[in-house]
Amino acid sequence: MTSSRRYPISLRLGQILRILGTLLLVAFLIYVGSAVYYASKLEAPSGATPIVSVVSGNAFEVSSSYNLTDPGPYSISGLTVESHLNLPNSSVIIESLTPPVSLSGYGTAQVTLSFRIPLDQLTGSARSLLVNSTSLPTEIWVNASYAHLAGISIFTEAEYAWGAPFSGFALAFQPPTTEPNGTRAIGVTLGFQDLAPIPVDGVFAINLPLSTGGSCVTFHWPVAVASGSVYSEEATVYLPSGCSPDGGYYLASWSGSGFQTALPPGSGP
Amino acid sequence: MSPTWGYGPSPSGTRLPPLRTRLLLGLLLLLASIAVTVGAPAYLLHLLGEGHGYSSVNDLQIVVGGTVVSILSTAAYVARPTRAFGPLSAARSAALILYLTLLASNATLTIPLGGASTATVTYSGMLLALSVVPLLWLMSALLVTLSDIWDPVARLRIDFPV
């Protein structure tokens, strides 16, 4: 009996394929096992301090950069971070999506998450962000493909501590007085704290309306306050002849430090 | 010599294990196979559930799929000295491909990370890549089937030499 008779080619090929499959299974199990091991070594990036800046388009930009490190030899590809910042008592949601980032084995990459808060679009209670420091709920989705094997999506919630540039903004009005020359005047105290990480240097325009509509008086109040500092000053506002600011509220707007915005109305004299 | 179905005398140049031995070892193989294909995944799903995790693959799919594959693997092992070995191996491999493909269509794990955080892992690509293994085994089984038709004793001389 010849060798070819004893070992037909189909049988040899079948054996080769069976052995190949078994070797592939072993290699696959080793690959998956080690990928899971290194995946367990992945650590969440430490919290970066957000940087707040004023950008063109009359907006605040809050950006945080995170350094990611791949602890193993398997690549992480298509890593994106999508996040939603919910403004207080508002349906306004600021969305952010990072461009895809890939990490080769043992590589590092930086992901920058940035929210752009357009001040012009802060309406209603969302405008209180200018005068109220608060925690803003944030939803974050991290999506990536790991080791060419599995898609991973991580969802988490966080709170972003928002520092208002005019935190606690308040105008206190004293009762109107009459000067010896007959001019009527109101003593006004302006107070707030700049809790945003940027200085505020500009001018408030404050309008005291009439109850019948229209404006009684508009006065301008320049301020220059360093980040974190408290501002409290008094001034005297002279009223035009025959004008009584009985509208019961004031309207304030800000122009300076690279942005202009209207503040929430407050109680007038 | 025409091959026996494994129950008759061994062809020349071969020494076939007795049926009783094959059945006994087959039983052990069946238990081990069920432990790997049913017990281990079911236990992992149980651990996942205890951690308030969720898998879109359910226990029934694992029990049915794992048991079918295990039984076919055992049957192929017991029938190894016979012509049924090739077709049974092919059936086992085809069942495994089908099983992996079905699991891949729904392969998602949701793992709580504490607080409101969750991780969702989609591993369908991994299962589809893994199905290359039974595909190779299927091709091998078909070639063995053809070989057994063409030269029934040749494989026995390799698998069960004297």
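Given the structure is predicted, the values throughout are model-derived calculations rather than measurements. When reading the values below, keep in mind they use all heavy atoms of this one structure, side chains included, and skip hydrogens, waters and symmetry mates.
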For a quick test of your reading: what N or O donor-acceptor pairs under 3.5 Å do the side chains of residues 102-127 of chain B make, sequence neighbours left out?
unit_1	atom_1	unit_2	atom_2	d
Ser105(B)	OG	Leu102(B)	O	2.6
Asn106(B)	ND2	Ser56(B)	O	3.2
Ser117(B)	OG	Thr156(A)	OG1	2.5

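Contacts of Asp159(B) classified as salt bridge (charged side-chain N to carboxylate O under 4.0 Å, His left out), with partners at least two apart in sequence or in another chain: Arg80(B), Arg155(B).
For Glu43(A), the CD atom is loosely surrounded, since the number of other residues' heavy atoms within 6.0 Å does not exceed 12. More than 12 heavy atoms of other shown residues, nucleotides or ligands fall within 6.0 angstrom of atom OH in Tyr106(A).
At a 4.5 Å heavy-atom cutoff, Val142(A) makes no contact with chain B through either its backbone or its side chain. In this structure, chain B has no heavy atom under 4.5 Å from any part of Ser145(A). With a threshold of 4.5 angstrom between heavy atoms, Phe155(A) approaches chain B through its backbone and through its side chain.
The candidate from Ala158(A), Ala147(A), Ser153(A), Ala150(A) with the greatest count of non-hydrogen atom pairs under 4.5 Å with chain B is Ser153(A). Interface check for chain B: of the options Leu13(A), Leu149(A), Leu24(A), the most heavy-atom pairs under 4.5 Å are formed by Leu149(A).
Taken from CG in Leu146(B) to CG in Leu11(A), the straight-line distance is 11.0 Å, to the nearest 0.5 Å. Rounding to the nearest 0.5 angstrom, the gap separating the CD atom in Gln15(A) from the OG atom in Ser147(B) is 9.0 Å.
Chain A is approached within less than 4.5 Å, heavy atom to heavy atom, by no residue from residues 57-76 of chain B. Annotation: residues 135-145 of chain B contacts chain A through Leu136(B), Trp137(B), Met139(B), Ser140(B), Leu143(B), Val144(B) [non-hydrogen atoms, separation under 4.5 Å].
Pairing each heavy atom of Gly21(A) with each of Val133(B), the nearest pair is O-CG1, 3.4 Å.
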